[in-house]
Structure formats: C-alpha cells, structure tokens
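The figures here come from the full heavy-atom set of this structure, side chains too, leaving out hydrogens, waters and symmetry mates. Keep in mind it's a predicted model, so treat the numbers as computed, not measured.
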Amino acid sequence: MTKNDTNILSPRQIKALPVLAAIPNCEEACKKVGISRNCFYEWLKNPLFKEALNKLRNEIVQEAITQLKANSVKAAITLVSLTARTENPSVQRAAANDILNHVMKFKELLEFEERLSELEKRFPPMS
C-alpha cells in the first residue's frame, strides 16, 4: 500500500479507528495508538478512513443517546421528587424551574417540528 492509497485501510488504521473515535482528545488518542498527530492528519486525508472514523463516532453518539433515553424516566422521577423536599426550598425551586424549562423546550421543539412539517408540505425539497 502506498502512502496516498485511498482505496483501502491498513491493518494499523483499522486497529486504531475505535481508539481514535472513542477518545476526544487528538493527542491522547494518537499517543494511545502509537502514532503522531501528523500521521493522524495524513490518515484523515483518506476519504475511506475519514468516513470510517465518522461512522464510528456517530455510533458512539447514538449509543450515548440511547443510554440517555433509557434513563430519562428515572431522571424525571428524581427531578419531580426533589420538588417535594421541604427541608431545602432552594432545591424545590431549582427542581421546579428545571421541570418548567424542560417542558417549555419540549413544547417549542414540537411547535418547530409542526411548522417545519407544514413548510415542507407547502414547499417540497427540490431533488
């Protein structure tokens, strides 16, 4: 494989991809896989490598979102239970404020989605 071969990934690149995707700090990730930053940036010039790295990063984000969704009911119950804490009114106030803010953001998002949907019906995207 030549240095500029963009049709395949080297075994070293394949092995490094999960580490490079999982560690957000470039220098730390490069150190972990035993490459220089310059080498990493050279690898990024390969569209196949860049696409594989982005795919792995997106999978990591999706997994994090799945975890947040799975625990959102528990978080909501915890937040609501804080409103019943009579020994600390500031905790009650903060929890109530958080609940109201989340509800308002959710409502705004729903309204935005409805408006966008209506606009897309009126003005379909051009292909």
Side-chain angles (χ1 to χ4, degrees):
M1 183 176 96
T2 65
K3 183 177 180 181
N4 296 322
D5 192 346
T6 60
N7 295 323
I8 60 173
L9 297 179
S10 72
R12 189 173 181 201
Q13 288 174 319
I14 293 169
K15 186 177 179 183
L17 275 167
V19 176
L20 294 170
I23 299 176
N25 180 294
C26 178
E27 286 187 34
E28 186 180 329
C30 290
K31 186 176 179 182
K32 182 95 172 174
V33 296
I35 62 170
S36 68
R37 284 181 48 181
N38 287 342
C39 178
F40 174 67
Y41 290 118
E42 280 299 315
W43 286 0
L44 281 177
K45 291 178 184 177
N46 177 341
L48 191 61
F49 178 83
K50 190 173 183 176
E51 181 182 336
L53 181 62
N54 286 337
K55 183 178 182 228
L56 282 174
R57 285 177 173 166
N58 287 337
E59 287 173 6
I60 290 169
V61 170
Q62 281 306 119
E63 178 58 30
I65 290 170
T66 299
Q67 290 297 319
L68 290 172
K69 285 180 182 178
N71 289 288
S72 62
V73 171
K74 182 179 177 184
I77 290 169
T78 300
L79 195 53
V80 170
S81 73
L82 290 175
T83 63
R85 292 181 67 170
T86 57
E87 71 277 1
N88 196 338
S90 63
V91 170
Q92 284 179 299
R93 182 183 182 283
N97 206 10
D98 284 347
I99 291 169
L100 291 173
N101 284 329
H102 292 307
V103 169
M104 290 302 296
K105 286 179 186 175
F106 182 71
K107 185 176 184 245
E108 288 172 1
L109 181 59
L110 287 178
E111 288 173 358
F112 177 79
E113 287 177 349
E114 288 172 8
R115 290 171 53 204
L116 181 59
S117 179
E118 186 60 36
L119 283 171
E120 287 176 338
K121 286 178 190 172
R122 289 185 188 178
F123 307 102
M126 300 171 92
S127 300

Hey, does Leu48 have a side-chain heavy atom less than 4.5 Å from the side chain of Gln13?
no
From CA spacing to verdict: salt bridge (charged side-chain N to carboxylate O under 4.0 Å, His left out), Glu118, Arg122:
CA-CA 6 Å; Glu118 186 60 36; Arg122 289 185 188 178; 3.6 Å; yes
Just so I know, are the side chains of Leu53 and Trp43 near enough to count as touching, which here means a heavy-atom distance under 4.5 Å?
no
Please tell me if the side chains of Leu82 and Asp98 come closer than 4.5 Å, counting only heavy atoms from C-beta onward.
no
Determine, for Lys55 against Glu51, whether the closest basic-nitrogen to carboxylate-oxygen distance falls under 4.0 angstrom.
no
Return the CG to CZ distance between Leu17 and Arg57, rounded to the nearest 0.5 Å.
9.5 Å
Identify the two heavy atoms, one from Ser36 and one from Cys30, that lie closest to each other, and give their separation to 0.1 Å.
O-SG, 3.9 Å
N/O donor-acceptor pair under 3.5 Å between Ser81 side chain and Thr78 backbone:
yes
Do Val80 and Val73 sit in one hydrophobic cluster, given that two such residues count as connected whenever their side-chain heavy atoms are within less than 4.5 Å of each other, even indirectly?
no
Looking only at heavy atoms, which two atoms of Pro47 and Lys45 are closest? And how far apart?
CD-O, 3.2 Å
Considering non-hydrogen atoms only, spot the tightest contact between Thr83 and Ala95 and give its length.
CG2-CB, 3.8 Å
About how many Å separate NZ of Lys31 and CG of Asn25, when rounded to the nearest 0.5 Å?
10.5 Å
Are Gln92 and Pro89 side-chain neighbours, meaning at least one heavy-atom pair lies under 4.5 Å?
yes
To the nearest 0.5 Å, what is the distance between CD on Glu113 and CD on Glu120?
10.5 Å
Glu111/Arg115 salt bridge by N-O under 4.0 Å criterion
no
Where do Leu20 and Ala29 come nearest, in terms of heavy atoms and distance?
CD2-CB, 3.7 Å
Hydrophobic cluster identity match, Val19 and Ile60, side-chain contacts under 4.5 Å:
no
Euclidean distance, Phe106 CZ relative to Asn101 CG, rounded to 0.5 Å:
15.0 Å
Is the closest basic N to carboxylate O distance between Glu28 and Lys32 below 4.0 Å?
no
Nearest heavy-atom neighbours spanning Leu79 and His102:
CD2-CD2, 4.0 Å
If you compare all heavy atoms of Arg37 against all heavy atoms of Cys26, which two are closest, and at what distance to 0.1 Å?
CG-SG, 4.1 Å
